[in-house]
There are 2 protein chains.
Amino acid sequence: METTLSAEIRNQFADYLLRNGFRQTQERFAILEQAYNMEEHFDVETLYKKMLDEKGFHISRATLYNTIELLVACRLLVRHQFGTLAAQYEARTKADKHFHVICTHCGAIREIKDDNVRNAVLNKRITKFTAEYYSLYIFGLCSKCKYALKRKNQL
Amino acid sequence: METTLSAEIRNQFADYLLRNGFRQTQERFAILEQAYNMEEHFDVETLYKKMLDEKGFHISRATLYNTIELLVACRLLVRHQFGTLAAQYEARTKADKHFHVICTHCGAIREIKDDNVRNAVLNKRITKFTAEYYSLYIFGLCSKCKYALKRKNQL
DNA sequence: GTTACTGCAAACGATTTGCAAGTGG
DNA sequence: CCACTTGCAAATCGTTTGCAGTAAC
(Lines give C-alpha, C1' and ligand atoms only; values in the text may rest on other atoms or scores of the structure.)
Protein backbone atom coordinates (compact mmCIF):
# COMPACT_ATOMS: atom_id res chain seq x y z
CA MET A 1 0.00 0.00 0.00
CA GLU A 2 2.88 2.38 -0.55
CA THR A 3 3.19 4.89 -3.37
CA THR A 4 1.29 3.25 -6.20
CA LEU A 5 0.54 6.60 -7.76
CA SER A 6 1.84 6.85 -11.27
CA ALA A 7 4.17 9.70 -12.09
CA GLU A 8 1.87 10.60 -14.95
CA ILE A 9 -1.07 11.27 -12.65
CA ARG A 10 1.06 13.18 -10.21
CA ASN A 11 2.50 15.33 -12.97
CA GLN A 12 -0.90 16.02 -14.37
CA PHE A 13 -1.88 17.52 -11.02
CA ALA A 14 1.40 19.39 -10.59
CA ASP A 15 0.93 20.82 -14.06
CA TYR A 16 -2.58 21.94 -13.33
CA LEU A 17 -1.51 23.65 -10.10
CA LEU A 18 1.37 25.42 -11.78
CA ARG A 19 -0.66 26.53 -14.77
CA ASN A 20 -3.32 28.06 -12.54
CA GLY A 21 -1.01 29.65 -10.00
CA PHE A 22 -1.87 27.28 -7.13
CA ARG A 23 0.76 26.07 -4.71
CA GLN A 24 2.17 22.58 -4.55
CA THR A 25 1.57 21.54 -0.98
CA GLN A 26 2.27 18.29 0.79
CA GLU A 27 -1.44 18.00 1.68
CA ARG A 28 -2.59 18.23 -1.91
CA PHE A 29 -0.36 15.45 -3.14
CA ALA A 30 -1.15 13.28 -0.13
CA ILE A 31 -4.86 13.59 -0.88
CA LEU A 32 -4.36 12.80 -4.56
CA GLU A 33 -2.37 9.73 -3.66
CA GLN A 34 -4.91 8.47 -1.16
CA ALA A 35 -7.77 9.10 -3.55
CA TYR A 36 -6.06 7.07 -6.25
CA ASN A 37 -5.39 4.24 -3.83
CA MET A 38 -9.02 3.77 -2.88
CA GLU A 39 -10.50 0.50 -4.10
CA GLU A 40 -13.97 1.85 -4.72
CA HIS A 41 -15.76 5.13 -4.86
CA PHE A 42 -15.47 6.95 -1.55
CA ASP A 43 -16.87 9.94 0.31
CA VAL A 44 -14.94 12.68 2.09
CA GLU A 45 -15.43 11.18 5.53
CA THR A 46 -14.03 7.83 4.43
CA LEU A 47 -11.02 9.50 2.87
CA TYR A 48 -10.46 11.50 6.04
CA LYS A 49 -10.57 8.40 8.26
CA LYS A 50 -8.37 6.39 5.96
CA MET A 51 -5.63 9.02 5.87
CA LEU A 52 -5.78 9.38 9.62
CA ASP A 53 -5.90 5.69 10.53
CA GLU A 54 -3.55 4.25 7.93
CA LYS A 55 -1.09 7.09 7.51
CA GLY A 56 -1.57 9.06 10.72
CA PHE A 57 -2.06 12.06 8.47
CA HIS A 58 -4.65 14.50 9.80
CA ILE A 59 -6.10 16.79 7.17
CA SER A 60 -8.96 19.14 7.97
CA ARG A 61 -12.19 18.69 6.12
CA ALA A 62 -11.87 22.22 4.75
CA THR A 63 -8.64 21.21 3.03
CA LEU A 64 -10.09 17.91 1.88
CA TYR A 65 -13.04 19.59 0.23
CA ASN A 66 -10.86 22.27 -1.25
CA THR A 67 -8.39 19.81 -2.74
CA ILE A 68 -11.05 17.42 -4.01
CA GLU A 69 -12.61 20.37 -5.78
CA LEU A 70 -9.30 20.99 -7.54
CA LEU A 71 -9.01 17.33 -8.48
CA VAL A 72 -12.48 17.33 -9.96
CA ALA A 73 -11.70 20.56 -11.81
CA CYS A 74 -8.58 19.09 -13.38
CA ARG A 75 -10.44 15.88 -14.28
CA LEU A 76 -8.50 13.51 -12.05
CA LEU A 77 -11.57 12.70 -9.96
CA VAL A 78 -15.20 12.17 -10.87
CA ARG A 79 -18.01 13.10 -8.54
CA HIS A 80 -21.04 10.83 -8.16
CA GLN A 81 -24.26 11.38 -6.27
CA PHE A 82 -26.02 8.12 -5.68
CA GLY A 83 -29.23 8.57 -3.70
CA THR A 84 -29.33 11.46 -1.21
CA LEU A 85 -26.15 10.63 0.63
CA ALA A 86 -22.80 12.36 0.66
CA ALA A 87 -21.06 12.86 -2.68
CA GLN A 88 -18.91 9.94 -3.78
CA TYR A 89 -15.66 10.31 -5.68
CA GLU A 90 -13.74 8.01 -7.96
CA ALA A 91 -10.49 8.13 -9.91
CA ARG A 92 -11.25 9.32 -13.42
CA THR A 93 -9.18 6.47 -14.83
CA LYS A 94 -11.59 3.95 -13.34
CA ALA A 95 -14.83 5.85 -13.75
CA ASP A 96 -14.97 5.69 -17.53
CA LYS A 97 -14.80 1.95 -17.72
CA HIS A 98 -17.99 0.96 -15.99
CA PHE A 99 -21.45 2.10 -15.06
CA HIS A 100 -23.43 1.74 -11.86
CA VAL A 101 -26.44 -0.41 -11.17
CA ILE A 102 -28.38 0.72 -8.12
CA CYS A 103 -31.18 -1.06 -6.31
CA THR A 104 -33.80 1.55 -5.46
CA HIS A 105 -34.99 -0.53 -2.54
CA CYS A 106 -31.89 -1.57 -0.59
CA GLY A 107 -29.43 0.92 -2.09
CA ALA A 108 -26.89 -1.70 -3.13
CA ILE A 109 -24.54 -0.51 -5.88
CA ARG A 110 -22.80 -2.75 -8.42
CA GLU A 111 -20.34 -1.82 -11.12
CA ILE A 112 -20.85 -3.21 -14.61
CA LYS A 113 -18.62 -3.10 -17.66
CA ASP A 114 -20.08 -3.17 -21.14
CA ASP A 115 -18.43 -2.05 -24.33
CA ASN A 116 -21.62 -1.74 -26.36
CA VAL A 117 -23.02 0.79 -23.95
CA ARG A 118 -19.68 2.51 -23.57
CA ASN A 119 -19.22 2.93 -27.31
CA ALA A 120 -22.77 4.11 -27.91
CA VAL A 121 -22.25 6.85 -25.35
CA LEU A 122 -18.75 7.83 -26.40
CA ASN A 123 -19.63 7.93 -30.09
CA LYS A 124 -22.48 10.34 -29.55
CA ARG A 125 -21.63 13.74 -31.04
CA ILE A 126 -23.10 16.68 -29.19
CA THR A 127 -23.20 20.09 -30.79
CA LYS A 128 -21.42 22.93 -29.03
CA PHE A 129 -20.16 20.59 -26.37
CA THR A 130 -16.94 18.69 -25.75
CA ALA A 131 -17.64 15.54 -23.76
CA GLU A 132 -15.03 14.48 -21.23
CA TYR A 133 -16.59 11.64 -19.29
CA TYR A 134 -19.97 10.24 -18.45
CA SER A 135 -21.87 8.64 -15.60
CA LEU A 136 -24.53 6.07 -16.27
CA TYR A 137 -26.77 4.85 -13.48
CA ILE A 138 -29.28 2.10 -14.04
CA PHE A 139 -31.91 1.95 -11.32
CA GLY A 140 -34.13 -0.98 -10.58
CA LEU A 141 -34.52 -3.87 -8.19
CA CYS A 142 -31.98 -6.47 -7.26
CA SER A 143 -33.38 -10.00 -7.25
CA LYS A 144 -33.53 -10.19 -3.46
CA CYS A 145 -35.58 -7.03 -3.08
CA LYS A 146 -37.82 -7.93 -5.99
CA TYR A 147 -38.63 -11.23 -4.39
CA ALA A 148 -39.20 -9.67 -0.97
CA LEU A 149 -41.52 -7.02 -2.41
CA LYS A 150 -43.51 -9.55 -4.35
CA ARG A 151 -44.12 -11.57 -1.23
CA LYS A 152 -45.47 -8.50 0.51
CA ASN A 153 -47.71 -7.76 -2.47
CA GLN A 154 -46.06 -4.38 -2.91
CA LEU A 155 -45.20 -4.85 -6.51
CA MET B 1 -52.72 24.92 -16.46
CA GLU B 2 -55.60 23.01 -14.87
CA THR B 3 -55.74 19.28 -14.28
CA THR B 4 -53.59 17.89 -17.05
CA LEU B 5 -52.77 14.84 -14.99
CA SER B 6 -53.79 11.64 -16.70
CA ALA B 7 -56.13 9.32 -14.87
CA GLU B 8 -53.62 6.56 -15.43
CA ILE B 9 -50.93 8.31 -13.44
CA ARG B 10 -53.31 9.27 -10.71
CA ASN B 11 -54.59 5.72 -10.44
CA GLN B 12 -51.10 4.36 -10.32
CA PHE B 13 -50.46 6.46 -7.24
CA ALA B 14 -53.84 5.67 -5.67
CA ASP B 15 -53.13 2.02 -6.22
CA TYR B 16 -49.74 2.23 -4.62
CA LEU B 17 -51.13 4.02 -1.59
CA LEU B 18 -53.92 1.51 -1.15
CA ARG B 19 -51.71 -1.49 -1.63
CA ASN B 20 -49.28 -0.29 1.02
CA GLY B 21 -51.83 0.92 3.53
CA PHE B 22 -51.13 4.65 3.07
CA ARG B 23 -53.93 7.19 3.11
CA GLN B 24 -55.21 9.08 0.11
CA THR B 25 -54.87 12.69 1.17
CA GLN B 26 -55.59 15.87 -0.73
CA GLU B 27 -51.98 16.95 -0.22
CA ARG B 28 -50.54 13.84 -1.83
CA PHE B 29 -52.56 14.15 -4.99
CA ALA B 30 -51.96 17.89 -5.21
CA ILE B 31 -48.22 17.28 -5.06
CA LEU B 32 -48.38 14.55 -7.69
CA GLU B 33 -50.35 16.83 -9.98
CA GLN B 34 -47.98 19.75 -9.57
CA ALA B 35 -44.95 17.54 -10.07
CA TYR B 36 -46.36 16.23 -13.32
CA ASN B 37 -47.14 19.75 -14.50
CA MET B 38 -43.57 20.99 -14.14
CA GLU B 39 -41.89 21.75 -17.43
CA GLU B 40 -38.43 20.72 -16.38
CA HIS B 41 -36.74 18.97 -13.54
CA PHE B 42 -37.38 20.80 -10.29
CA ASP B 43 -36.23 20.87 -6.68
CA VAL B 44 -38.40 20.84 -3.56
CA GLU B 45 -38.16 24.57 -2.98
CA THR B 46 -39.34 25.32 -6.51
CA LEU B 47 -42.27 22.96 -6.13
CA TYR B 48 -43.15 24.57 -2.82
CA LYS B 49 -43.14 28.09 -4.26
CA LYS B 50 -45.06 27.08 -7.36
CA MET B 51 -47.87 25.48 -5.38
CA LEU B 52 -48.06 28.48 -3.08
CA ASP B 53 -47.89 31.19 -5.73
CA GLU B 54 -49.96 29.60 -8.49
CA LYS B 55 -52.48 27.65 -6.47
CA GLY B 56 -52.32 29.36 -3.09
CA PHE B 57 -51.73 25.91 -1.67
CA HIS B 58 -49.34 25.86 1.26
CA ILE B 59 -47.74 22.51 1.95
CA SER B 60 -45.05 22.11 4.57
CA ARG B 61 -41.65 20.94 3.45
CA ALA B 62 -41.94 17.92 5.69
CA THR B 63 -44.98 16.81 3.73
CA LEU B 64 -43.37 17.65 0.42
CA TYR B 65 -40.34 15.53 1.19
CA ASN B 66 -42.50 12.73 2.55
CA THR B 67 -44.75 12.63 -0.50
CA ILE B 68 -41.93 12.94 -3.01
CA GLU B 69 -40.31 9.97 -1.31
CA LEU B 70 -43.49 7.99 -1.94
CA LEU B 71 -43.57 9.10 -5.56
CA VAL B 72 -40.00 8.02 -6.08
CA ALA B 73 -40.73 4.71 -4.35
CA CYS B 74 -43.66 3.98 -6.66
CA ARG B 75 -41.63 5.00 -9.73
CA LEU B 76 -43.65 8.04 -10.70
CA LEU B 77 -40.75 10.40 -10.09
CA VAL B 78 -37.05 10.12 -10.76
CA ARG B 79 -34.46 11.76 -8.53
CA HIS B 80 -31.40 13.43 -10.05
CA GLN B 81 -28.37 14.91 -8.36
CA PHE B 82 -26.54 17.21 -10.71
CA GLY B 83 -23.56 18.82 -9.02
CA THR B 84 -23.74 19.30 -5.26
CA LEU B 85 -27.00 21.21 -5.21
CA ALA B 86 -30.42 20.18 -4.00
CA ALA B 87 -31.90 17.01 -5.46
CA GLN B 88 -33.86 17.50 -8.67
CA TYR B 89 -36.95 15.52 -9.58
CA GLU B 90 -38.59 14.70 -12.85
CA ALA B 91 -41.67 12.79 -14.03
CA ARG B 92 -40.65 9.27 -14.80
CA THR B 93 -42.51 9.45 -18.12
CA LYS B 94 -40.15 12.18 -19.29
CA ALA B 95 -36.97 10.99 -17.67
CA ASP B 96 -36.49 7.90 -19.76
CA LYS B 97 -36.51 9.71 -23.04
CA HIS B 98 -33.43 11.86 -22.74
CA PHE B 99 -30.10 12.20 -21.05
CA HIS B 100 -28.35 15.18 -19.50
CA VAL B 101 -25.31 17.03 -20.73
CA ILE B 102 -23.65 19.07 -18.01
CA CYS B 103 -20.92 21.68 -18.36
CA THR B 104 -18.49 21.10 -15.50
CA HIS B 105 -17.43 24.73 -15.63
CA CYS B 106 -20.61 26.82 -15.70
CA GLY B 107 -23.06 24.12 -14.59
CA ALA B 108 -25.40 24.53 -17.56
CA ILE B 109 -27.59 21.48 -18.19
CA ARG B 110 -29.03 20.45 -21.55
CA GLU B 111 -31.33 17.57 -22.38
CA ILE B 112 -30.51 15.38 -25.36
CA LYS B 113 -32.50 12.65 -27.04
CA ASP B 114 -30.76 9.81 -28.84
CA ASP B 115 -32.20 6.45 -29.72
CA ASN B 116 -28.89 4.71 -30.27
CA VAL B 117 -27.78 5.45 -26.76
CA ARG B 118 -31.20 4.72 -25.36
CA ASN B 119 -31.40 1.34 -27.02
CA ALA B 120 -27.88 0.33 -26.08
CA VAL B 121 -28.71 0.99 -22.45
CA LEU B 122 -32.16 -0.56 -22.45
CA ASN B 123 -31.00 -3.69 -24.24
CA LYS B 124 -28.32 -4.39 -21.72
CA ARG B 125 -29.18 -7.51 -19.70
CA ILE B 126 -27.98 -7.46 -16.12
CA THR B 127 -27.91 -10.63 -14.08
CA LYS B 128 -29.92 -10.74 -10.87
CA PHE B 129 -31.29 -7.30 -11.54
CA THR B 130 -34.47 -5.89 -13.06
CA ALA B 131 -33.79 -2.51 -14.60
CA GLU B 132 -36.53 0.09 -14.35
CA TYR B 133 -35.01 3.30 -15.61
CA TYR B 134 -31.65 4.92 -16.08
CA SER B 135 -29.91 8.26 -15.78
CA LEU B 136 -27.10 9.17 -18.10
CA TYR B 137 -25.02 12.28 -17.48
CA ILE B 138 -22.37 13.38 -19.90
CA PHE B 139 -19.94 15.87 -18.41
CA GLY B 140 -17.66 18.15 -20.32
CA LEU B 141 -17.32 21.73 -21.47
CA CYS B 142 -19.82 23.80 -23.37
CA SER B 143 -18.28 25.75 -26.24
CA LYS B 144 -18.40 29.06 -24.36
CA CYS B 145 -16.51 27.76 -21.35
CA LYS B 146 -14.03 25.86 -23.47
CA TYR B 147 -13.19 29.03 -25.36
CA ALA B 148 -12.93 31.08 -22.18
CA LEU B 149 -10.62 28.56 -20.54
CA LYS B 150 -8.39 28.33 -23.58
CA ARG B 151 -7.90 32.07 -23.56
CA LYS B 152 -6.84 31.93 -19.95
CA ASN B 153 -4.43 29.10 -20.78
CA GLN B 154 -6.13 26.87 -18.27
CA LEU B 155 -6.74 24.03 -20.67
C1' DG C 1 8.49 38.92 2.90
C1' DT C 2 4.09 38.20 0.52
C1' DT C 3 0.24 35.79 -0.30
C1' DA C 4 -1.98 31.61 -0.63
C1' DC C 5 -3.03 27.45 2.25
C1' DT C 6 -4.34 25.13 6.35
C1' DG C 7 -7.08 24.02 10.46
C1' DC C 8 -10.56 25.19 13.43
C1' DA C 9 -15.05 26.36 14.58
C1' DA C 10 -18.99 28.64 13.36
C1' DA C 11 -22.33 29.15 9.58
C1' DC C 12 -25.09 27.38 6.02
C1' DG C 13 -28.56 24.94 3.20
C1' DA C 14 -30.98 20.78 2.25
C1' DT C 15 -33.29 17.23 4.41
C1' DT C 16 -35.07 14.72 8.57
C1' DT C 17 -37.23 14.31 12.89
C1' DG C 18 -40.24 14.92 17.23
C1' DC C 19 -44.38 16.23 18.65
C1' DA C 20 -49.04 18.31 19.07
C1' DA C 21 -53.09 19.05 16.36
C1' DG C 22 -55.93 17.54 12.35
C1' DT C 23 -58.31 14.13 9.40
C1' DG C 24 -59.07 9.85 6.54
C1' DG C 25 -60.92 5.27 6.91
C1' DC D 1 -62.39 7.19 17.35
C1' DC D 2 -57.94 5.45 16.27
C1' DA D 3 -53.86 5.66 13.69
C1' DC D 4 -51.76 7.89 10.03
C1' DT D 5 -50.65 12.69 8.29
C1' DT D 6 -49.75 17.22 8.61
C1' DG D 7 -47.27 21.53 9.95
C1' DC D 8 -44.09 23.60 12.66
C1' DA D 9 -39.73 24.18 14.68
C1' DA D 10 -35.71 22.14 16.21
C1' DA D 11 -32.17 18.88 14.99
C1' DT D 12 -29.02 16.74 11.83
C1' DC D 13 -25.85 16.03 8.12
C1' DG D 14 -22.80 17.22 4.46
C1' DT D 15 -20.46 21.08 2.91
C1' DT D 16 -18.80 26.01 2.97
C1' DT D 17 -16.89 30.01 5.03
C1' DG D 18 -14.26 33.47 8.07
C1' DC D 19 -10.32 34.08 10.29
C1' DA D 20 -5.76 33.56 12.59
C1' DG D 21 -1.67 31.01 12.24
C1' DT D 22 1.66 28.61 8.81
C1' DA D 23 4.20 27.60 4.80
C1' DA D 24 5.11 28.02 -0.51
C1' DC D 25 7.44 30.64 -3.60
Side-chain angles (χ1 to χ4, degrees), chain A residues 10 13-35 41-52 55-74 77 79-90 107 154, chain B residues 10 13-32 34-35 41-52 55-74 77 79-89 107 154:
Chain A
R10 197 190 161 87
F13 191 33
D15 234 52
Y16 173 79
L17 294 175
L18 195 62
R19 209 193 271 270
N20 291 276
F22 297 126
R23 292 181 179 166
Q24 320 224 0
T25 69
Q26 192 189 2
E27 287 84 353
R28 284 175 176 167
F29 287 104
I31 292 168
L32 170 61
E33 178 160 345
Q34 186 66 62
H41 40 79
F42 57 91
D43 61 20
V44 170
E45 202 55 26
T46 306
L47 193 69
Y48 171 77
K49 291 221 181 76
K50 201 132 188 172
M51 296 190 79
L52 186 59
K55 308 273 173 66
F57 203 153
H58 170 86
I59 306 230
S60 77
R61 284 138 234 250
T63 301
L64 281 174
Y65 280 105
N66 167 10
T67 301
I68 286 177
E69 202 49 46
L70 293 175
L71 290 170
V72 170
C74 76
L77 283 187
R79 189 200 320 268
H80 293 286
Q81 300 262 159
F82 312 116
T84 322
L85 313 132
Q88 303 280 123
Y89 299 88
E90 188 172 40
Q154 290 177 1
Chain B
R10 198 190 160 87
F13 192 32
D15 234 51
Y16 174 80
L17 294 175
L18 196 62
R19 212 192 269 273
N20 291 276
F22 296 126
R23 293 185 178 164
Q24 320 225 359
T25 67
Q26 192 190 2
E27 287 84 353
R28 286 177 175 166
F29 287 104
I31 292 167
L32 170 60
Q34 186 66 63
H41 39 79
F42 58 91
D43 60 19
V44 171
E45 202 56 27
T46 307
L47 193 68
Y48 171 77
K49 289 219 182 77
K50 203 133 185 173
M51 296 189 81
L52 186 58
K55 307 271 172 67
F57 204 154
H58 170 85
I59 305 230
S60 78
R61 283 134 235 258
T63 301
L64 281 175
Y65 279 106
N66 168 9
T67 300
I68 285 177
E69 203 48 46
L70 293 175
L71 290 169
V72 170
C74 76
L77 284 187
R79 188 201 320 268
H80 294 286
Q81 300 262 161
F82 312 116
T84 319
L85 314 130
Q88 303 279 122
Y89 300 89
Q154 290 177 359

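Heavy-atom basis, side chains included; hydrogens, waters and symmetry copies ignored. Since the model is a prediction, treat every value here as computed from it, not as a measurement. The chains referred to below are lettered A, B, ... by the order of the sequence lines, with proteins before strands, and numbering in each begins at 1.
- Judged by closest nucleotide on DNA chain D, B/Gly21 is the one of B/His58 and B/Gly21 placed further toward the 5' end.
- One atom, CG of B/Leu17, and another, C1' of D/dT5, lie 12 Å apart when rounded to the nearest Å.
- When rounded to the nearest whole Å, the span between OH of B/Tyr65 and P of C/dT15 equals 3 Å.
- Of the side-chain N and O atoms in B/Asn66, none sit less than 4.0 angstrom from OP1 or OP2 of C/dT16.
- A salt bridge is absent between A/Arg10 and A/Glu33; no separation between the charged side-chain nitrogens and carboxylate oxygens falls under 4.0 Å.
- For the pair A/Ile59 CD1 and C/dC5 P, the computed distance is 14 Å after rounding to whole Å.
- Side-chain N/O atoms of B/Thr63 and B/Asn66 include no donor and acceptor closer than 3.5 Å.
- Using a 4.0 Å heavy-atom distance criterion, A/Gln26 is classed as making no nucleic acid contact.
- Summarising the geometry, the separation between CZ on B/Phe29 and C1' on D/dT5 is reported as 14 Å, rounded to the nearest angstrom.
- Residue A/Gln24 has its side chain nearest to D/dC25 when only D/dC25, C/dT6, C/dT15 are considered.
- For A/Val44, counting side-chain heavy atoms from C-beta on, the closest listed nucleotide (D/dT15, D/dT5, D/dG7) is D/dT15.
- Between A/Arg61 atom CZ and D/dC13 atom C1' there is a gap of 12 Å when expressed in whole angstrom units.
- Side chains of B/Lys50 and B/Gln34: no donor on one and acceptor on the other come within 3.5 Å.
- OP1 or OP2 of D/dG7 sits under 4.0 Å from a side-chain N or O of B/Thr63.
- Both B/Gln88 and B/Phe22 sit near DNA chain C, but only B/Gln88 has its closest nucleotide nearer the 5' end.
- At the heavy-atom level, B/Glu45 lies nowhere under 4.0 Å from the strands shown.
- When the side-chain nitrogen and oxygen atoms of B/Thr25 are compared with OP1 and OP2 of C/dG24, none of them lie within a distance under 4.0 Å.
- Rounded to whole angstrom, the span from the CD1 atom of B/Ile68 across to the P atom of C/dA14 amounts to 14 Å.
- For A/Arg23 and C/dC5, a side-chain-to-base donor-acceptor distance below 3.5 Å is absent, hydrogens and geometry of angles not being considered.
- Looking at B/Arg28, its side chain does come within 3.5 Å of a backbone N or O of B/Arg23 through a donor-acceptor pair.
- Look at CZ on A/Phe82: it is 16 Å from P on D/dG14, rounded to the nearest Å.
- For A/Gln81 and C/dA14, the CD to C1' distance is 12 Å, given to the nearest whole Å.
- Interatomic distance, CG of A/Leu47 versus OH of A/Tyr65, reported as 10.5 Å (0.5 Å rounding).
- Across all strands shown, B/Asp43 has no heavy atoms under 4.0 Å from either base or sugar-phosphate atoms.
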